[in-house]
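For reference, the structure is listed below as structure tokens.
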Amino acid sequence: MKKLKFGTKVIHVGGEPDKETGAVMPPIYQTSTYAQKSPGKHQGYEYTRSHNPTRTRLEQNLASLENAKYALTTASGVAMTSLIMQMLKKGSTVLCGDDVYGGTYRQFTTVYNDRHNFEFVDTTDYKLLEEKLAERPAMIWIETPTNPLLKITDIKKVCDIAKKHEVLVCVDNTFMSPYFQNPLDLGADIVTHSLTKYINGHSDVVGGAMMTNHQHIHKELFRLQNSMGPSSSPFDSWLVLRGIKTLAIRMQRHEENALKIAKFLESHEQIEKVVYPGLESHPQHELAKEQMSGFGGMITFFIKGGLEASRNFLEKVQIFSLAESLGGVESLIEHPAIMTHASVPKEVRESIGISDNLIRVSVGIEDVNDLLLDLEVALESQK
Ligand code: P1T
């Protein structure tokens, strides 16, 4: 299966017809437990918190998409983040990007802050990273592109420095999906995803995953998952398996639409600045071209005016739903300072540039002309 191309893997890995019936679509093994022939004699499945055949299929599929040997799924993205934090020895230092999902920031600063030491750094400042990694933290946690500022970190460069100092590298690859970026191929030890986003793609599941080539990491995270219980359900696993089949074509369309919208916004007089990795104006556009095979469907922009202008605009759009989350087939729009990143203190937000006129868009796969018109009408009403 390794040699298959991405568009084939999403459909076929873990998707073999059911052995008993030939059903082409995998069954949902909606069971909590499994009959044993004799105590301890079973077919590899004992209890669904530990293992479930529908989940196994999903994990096989996910591992193949990140060119990994192992994958593990959880009931949410933050549940996987939590397992990884549990895996680190008490008292560890974790270096973390200064612009990460607000829920990751909240977990690190309010849940694990008395177990580990967290240092938030600009992971695009390699001189600073050289110094910080030389102090040998246990792990560096990177999001690239970041949420919501879409800053891009050179994964290979960070991994090369981290390896010298034996620091684990974990990359949250949610924004690019495995279709556009494969951090393990660039040297990362662990890659994580919120399955809630592009991988499932239909905004009807909350889920998380990690992929790795290290057997000991998989084994330890599995032990923690089994002991702490945030396993993904059979039905959610099945829904993700269903959604994942169209990941490749969805990502192509997300990107195609996003590029057109980013260019439109960049030329609009009511817009102060647009951040999209596919625009030449993006400070790391060259790195984006090198490290990713596409630019994704997320756009961040700064509207002229402050909070009032943002609020008026967000109330006006009709096809874009004003909602948290991203990566679904439908277009979403949101205000990070009030919504997804509200748990980041105002002074921290301001110091990194998450201002009140910053708006984040998850471009869906609708007809782009309808999306452009929706934005245009809402912007015209600002004048
Ligand atoms: O929501 P959950 O499935 O628990 O995943 C958390 C998560 C992890 N990593 C990144 C990069 C994310 O964006 C998220 C969730 N983000 C949102 C809900 C959001 O609107 O940004």
Side-chain angles (χ1 to χ4, degrees), residues 58 62 66 72-85 94 96-112 120 123 141-153 155 170-178 180-181 183 188 190-211 225 230-233 236-237 239-240 243-244 254 275 277 292 296-300 314 320-328 330-344 349 354 358-364:
L58 174 61
L62 290 170
E66 287 286 12
L72 198 67
T73 59
T74 44
S76 69
V78 297
M80 182 52 80
T81 309
S82 175
L83 289 186
I84 294 169
M85 288 305 113
V94 179
C96 179
D98 61 1
D99 177 38
V100 288
Y101 168 53
T104 304
Y105 183 88
R106 178 176 52 208
Q107 188 181 99
F108 288 176
T109 56
T110 70
V111 180
Y112 286 105
F120 294 89
T123 53
W141 183 282
I142 299 168
E143 260 180 34
T144 179
T146 58
N147 181 0
L149 293 165
L150 304 176
K151 288 193 291 185
I152 296 170
T153 297
I155 299 173
C170 181
V171 179
D172 182 336
N173 197 22
T174 299
F175 267 35
M176 277 300 108
S177 90
F180 284 137
Q181 179 169 271
I190 304 173
V191 57
T192 64
H193 285 277
S194 168
L195 298 177
T196 319
K197 318 300 186 218
Y198 290 107
I199 288 184
N200 179 57
H202 294 75
S203 304
D204 50 11
V205 169
V206 174
M210 78 88 208
M211 296 78 150
Q225 158 158 301
S231 323
S232 47
S233 75
D236 281 355
S237 302
L239 278 172
V240 180
I244 215 167
H254 281 298
V275 187
M292 294 136 50
M298 298 301 295
I299 303 172
T300 290
L314 291 167
F320 287 83
S321 293
L322 176 58
E324 302 202 5
S325 202
L326 57 113
E330 72 296 326
S331 291
L332 300 179
I333 197 158
E334 68 116 8
H335 189 269
I338 297 178
M339 298 167 69
T340 50
H341 292 68
S343 53
V344 180
R349 281 200 312 262
I354 306 179
L358 185 159
I359 291 172
R360 192 190 77 180
V361 184
S362 169
V363 179

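Indexing begins at 1, ligand by ligand and atom by atom, following the structure's order.
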*Hey, which of Thr340, Asp99, Asn147, Thr300 is the one that makes side-chain contact (heavy atoms from CB on, under 4.5 Å) with Ile354?*
Asp99
*Please determine if Thr340 has a nitrogen or oxygen closer than 3.5 Å to a nitrogen or oxygen of ligand 1.*
no
*Top protein contact for atom 13 (O) of ligand 1, by heavy-atom distance*: Asn147 ND2, 3.1 Å
_Quick test: of every protein heavy atom, which one is nearest to atom 3 (O) of ligand 1, and how far off is it to 0.1 Å?_
Thr196 OG1, 2.6 Å
*Taking only heavy atoms of Gly207 into account, list the atoms of ligand 1 that are under 4.0 Å away from them.*
3 (O)
*Is a side-chain donor or acceptor of Thr153 paired with a backbone partner of Ile155 at a separation under 3.5 angstrom?*
no
_Return the closest protein heavy atom for atom 5 (O) of ligand 1 as residue, atom name and distance._
Ser194 OG, 3.1 Å
*For Leu358 and His335, which heavy atoms make the closest approach, and how far apart are they?*
O-CD2, 3.8 Å
*So which heavy atom in the protein is nearest atom 7 (C) of ligand 1, and how far is it from that ligand atom?*
Tyr101 CD2, 3.4 Å
*May I ask you to check if ligand 1 and Arg360 share an N or O to N or O distance below 3.5 Å?*
yes
*Got a donor-acceptor contact below 3.5 angstrom from the His254 side chain to the Val363 backbone?*
yes
*Could you tell me whether the side chain of Gln107 and the main chain of Ser82 form a donor-acceptor pair under 3.5 Å?*
yes
_Under a 4.0 angstrom heavy-atom cut-off, which atoms of ligand 1 come close to Thr174?_
9 (N), 10 (C), 11 (C)
_Would Glu330 and Ser203 count as a side-chain hydrogen bond (donor to acceptor under 3.5 Å, both in side chains) here? Give the steps._
CA-CA 8 Å; Glu330 72 296 326; Ser203 304; 2.6 Å; yes
*Within the distance-only criterion (no hydrogens, no angle test), does the side chain of Thr196 pair as donor or acceptor with the backbone N or O of Gly207 below 3.5 angstrom?*
yes
_Polar contacts were defined as any N/O atom of the residue lying under 3.5 Å from an N/O atom of the ligand; does this apply to Phe175 and ligand 1?_
no
*asked:* Is there a polar contact between ligand 1 and Val78, counting only N or O atoms under 3.5 Å apart?
replied: yes
*Output yes when the distance from some N or O of ligand 1 to some N or O of Glu143 is under 3.5 Å, and no in every other case.*
no
*asked:* I'd like to know if the side chain of Ser232 and the backbone of Ser237 have a donor-acceptor N/O pair within less than 3.5 Å.
replied: no
*So, the side chain of His202 versus the backbone of Asn200: is there a donor-acceptor pair under 3.5 Å, distance only?*
yes
*Taking distance alone, with no angle check, do His341 and ligand 1 share an N/O pair under 3.5 Å?*
no
*Fit a plane to each ring of Tyr105 and Phe120, take the angle between them on a 0 to 90° scale, and name the class: parallel (under 30°), tilted (30 to 60°) or perpendicular (over 60°).*
tilted
*Option with minimal heavy-atom separation from atom 18 (C) of ligand 1, where the choices are Lys197, His193, Met80, Glu334*: Lys197
*asked:* Starting from atom 10 (C) of ligand 1, what is the nearest protein heavy atom, named by residue and atom, and what distance separates them?
replied: Asp172 OD2, 3.4 Å
*Taking Ser343 for its side chain and Gly102 for its backbone only, find out whether a donor-acceptor pair lies under 3.5 Å.*
yes
_Starting from atom 2 (P) of ligand 1, what is the nearest protein heavy atom, named by residue and atom, and what distance separates them?_
Gly77 N, 3.3 Å
*So is Ser325 close enough to ligand 1, meaning a heavy atom under 4.0 angstrom away?*
yes
_ligand 1-proximal atoms of Val100, by part, heavy-atom distance under 4.0 Å_ = neither
